[in-house]
Amino acid sequence: GRQDIRNLNLITIDGRTAKDFDDAVYTERTDTGFRLIVAIADVSHYVKDNTAIDDEAYSRGNSIYFPNFVIPMLPEVLSNGLCSLNPHVPRLCMVAEMLFDFGGQKQESRFYEAVMESKARVTYGEAQEVIEGQHVENFAHVKDNILKCGELAKVLMAKRFREGSLDLEIPETTLEIDASGVPVDVIRSERLFAHRLIEELMLAANVAVAEFLSHSHAAGLYRIHESPNETSIKMLERYLHNFGGKVKLDEGKLQKRLTRALQEFSGKPEAHVLNILTLRSMNQAKYSVTNLGHFGLGFENYTHFTSPIRRYPDLIVHRLLKSQIIKGRKY
C-alpha cells in the first residue's frame, strides 16, 4: 500500500561522522516552478506506541551527541540500521511532497507512506564542491539533484528573509578530543551553503506538515516561539544604540527591524556580541499543542517532522500525520 519512489534520485546530505540518516531530498524543475520531495525515515512503522522500545525512547527524549560518541534515542540496530536511509538499500519512509512556484510560494503539498532508495550518501563538504562547480566523480549521477536543491533553497531562503525571518549568525564550535578523551582544542565549525540548503528544505517540510495538521483541525504538536517581551527589546535597543546603531525597534515588523539592526554591524567585531545579545533577548522555543507560531522563523505554522530517529517529538508528529492520512490504521 506504499508508493514506490525507488526510481527517484533521492540523496542524503549529512555531516562526515553521521551514521543515522533521517532525511533524503530530491528536487526537480517543473513548468511552473519546483517539485520538492523530502523523504523521512518511517520510524513510527517500527516503533509502536506503548512498547518497551517506545517507552525507552520517550524517557530519553532525544539522541545525545558528544564530541566522540552518541547516546542514541533508539537502539542502534534501528537508528543506524533498519530506519536509517542508508545508500543503495530499500527503506520505508514518510514523504512530504511539495510544489513551489519560481518565487518560492508553496502551491500544494501532500503526504504519504513510501519505499525509497537513497542513490548517494553525500557529506556537506562534497555537496558544497558540487554546488561550486567542481567535478566530483562519485556524484555525477546525482549532480543535477544537488544543484536543483541548491537553487530551490536559495529561492526559499530569500522569501523567508523577505517575510521577516531572523537571520542570527551564531558560530558553532567543535571540541577536538585526543585519544584519551581529553579536550585539546575548541575550533569554529565551518558553515557552508550546503548546511543552509538542507536546513531550508527541512524548514519547508516542517511548515507543510504543521499547516496540514492545523488545517485538518486535528490534534497537533507544534514547535512554538513566542514574541520577546517589551523589556527585553528595550534593553536590546539600548545595547544597539550604545554600539552606534541607528535602527529603532518599535517601528514596523519586529523581525525585520532586528535583522536590519544587525545588518548595520555585519562584518564588524561587534556583530558577534550583538547576535548573541539578540538571541538572549528572545524567549525559548518549546513544544505546545496550542499553535502560537514561530517568531524567530516568522512562520504561522511550524512543527518538528524531519528527525524522528533522534527526536521523540518528531515521532509523535509522524503518528499524528498518519492518523489523518491513513484511515483505519491504528495511529
Side-chain angles (χ1 to χ4, degrees), residues 98 100-106 109 152-172 191 193 195-215 220-288 290-306 313:
M98 294 152 276
F100 296 92
D101 65 19
F102 287 115
Q105 190 65 44
K106 184 158 73 259
S109 54
L152 174 58
K154 281 178 184 164
V155 170
L156 293 174
M157 201 187 308
K159 178 178 181 289
R160 185 161 65 84
F161 291 142
R162 243 189 350 265
E163 292 175 358
S165 193
L166 275 179
D167 188 17
L168 290 181
E169 275 300 322
I170 313 284
E172 287 196 17
R191 192 158 150 74
F193 172 70
H195 289 95
R196 303 200 82 153
L197 179 163
I198 287 298
E199 279 171 18
E200 239 19 84
L201 303 188
M202 295 307 112
L203 287 176
N206 285 334
V207 168
V209 171
E211 284 176 352
F212 176 80
L213 289 174
S214 179
H215 297 158
L221 181 67
Y222 299 96
R223 182 69 174 172
I224 65 164
H225 185 227
E226 293 171 82
S227 306
N229 66 52
E230 215 174 307
T231 315
S232 302
I233 291 301
K234 283 271 177 272
M235 190 176 283
L236 179 62
E237 195 169 42
R238 205 174 306 141
Y239 280 125
L240 289 162
H241 179 71
N242 290 346
F243 275 119
K246 304 279 187 290
V247 175
K248 288 261 185 281
L249 297 183
D250 57 358
E251 303 162 1
K253 194 171 182 183
L254 181 55
Q255 291 102 319
K256 287 189 176 180
R257 291 272 151 198
L258 283 169
T259 300
R260 197 166 300 159
L262 292 172
Q263 280 169 352
E264 280 193 295
F265 297 95
S266 184
K268 296 179 184 173
E270 302 96 314
H272 178 53
V273 175
L274 289 171
N275 270 284
I276 289 174
L277 288 173
T278 305
L279 186 66
R280 284 191 185 170
S281 70
M282 300 287 143
N283 286 307
Q284 268 196 306
K286 58 189 177 187
Y287 294 104
S288 172
T290 310
N291 184 10
L292 300 175
H294 198 292
F295 172 81
L297 292 169
F299 295 143
E300 283 179 31
N301 300 283
Y302 191 64
T303 190
H304 276 168
F305 161 76
T306 54

Ring pair (Phe, Tyr, Trp, His ring centres under 6.0 Å) involving Tyr239 - partner list, sequence neighbours excluded: none
Who passes side chain to side chain donor-acceptor pair (under 3.5 Å) against Asn291, sequence neighbours left out? Asn301
Side chain to side chain donor-acceptor pair (under 3.5 Å): pairs with one or both residues in residues 222-231, sequence neighbours excluded: Glu226-Lys286, Asn229-Ser232
Under the ring-ring contact (aromatic ring centres under 6.0 Å, His included) definition, can you give me all pairs with a residue in residues 268-288, not counting sequence neighbours? Tyr287-His304
To the nearest 0.5 Å, tell me how far Thr278 OG1 sits from Leu258 CG. 6.0 Å
With sequence neighbours excluded, what pairs up with Phe161 under the side chain to side chain contact (heavy atoms under 4.5 Å, CB included) test? Met157, Ser165, Asp167, Arg196
What's the spacing between Leu203 CG and Phe299 CZ if we round to 0.5 Å? 5.0 Å
Separation between CD of Glu237 and CG of Asn242, rounded to the nearest 0.5 Å: 11.0 Å
Applying salt bridge (charged side-chain N to carboxylate O under 4.0 Å, His left out), can you list everything that pairs with Glu270, at least two apart in sequence or on another chain? none
With sequence neighbours left out, which residue pairs that include part of residues 259-269 fulfil the side chain to side chain donor-acceptor pair (under 3.5 Å) condition? none
Who pairs with Phe212 by ring pair (Phe, Tyr, Trp, His ring centres under 6.0 Å), at least two apart in sequence or on another chain? Phe111
What pair of heavy atoms forms the shortest contact from Gly220 to Leu213, and how long is it? CA-CD1, 4.3 Å
Only counting residues at least two apart or in another chain, list the ones meeting salt bridge (charged side-chain N to carboxylate O under 4.0 Å, His left out) with Lys154. none
Sequence neighbours left out, what passes side chain to side chain donor-acceptor pair (under 3.5 Å) with Glu163? Give chain and number order. Lys159
Could you note down all residue pairs passing salt bridge (Lys or Arg N to Asp or Glu O under 4.0 Å) where residues 200-210 supplies at least one of them, sequence neighbours left out? Arg160-Glu200
To the nearest 0.5 Å, atom CD1 of Ile233 lies from atom CE of Met282 at 5.0 Å
Go through the structure and list residues passing salt bridge (charged side-chain N to carboxylate O under 4.0 Å, His left out) with Lys106, not counting sequence neighbours. Glu211
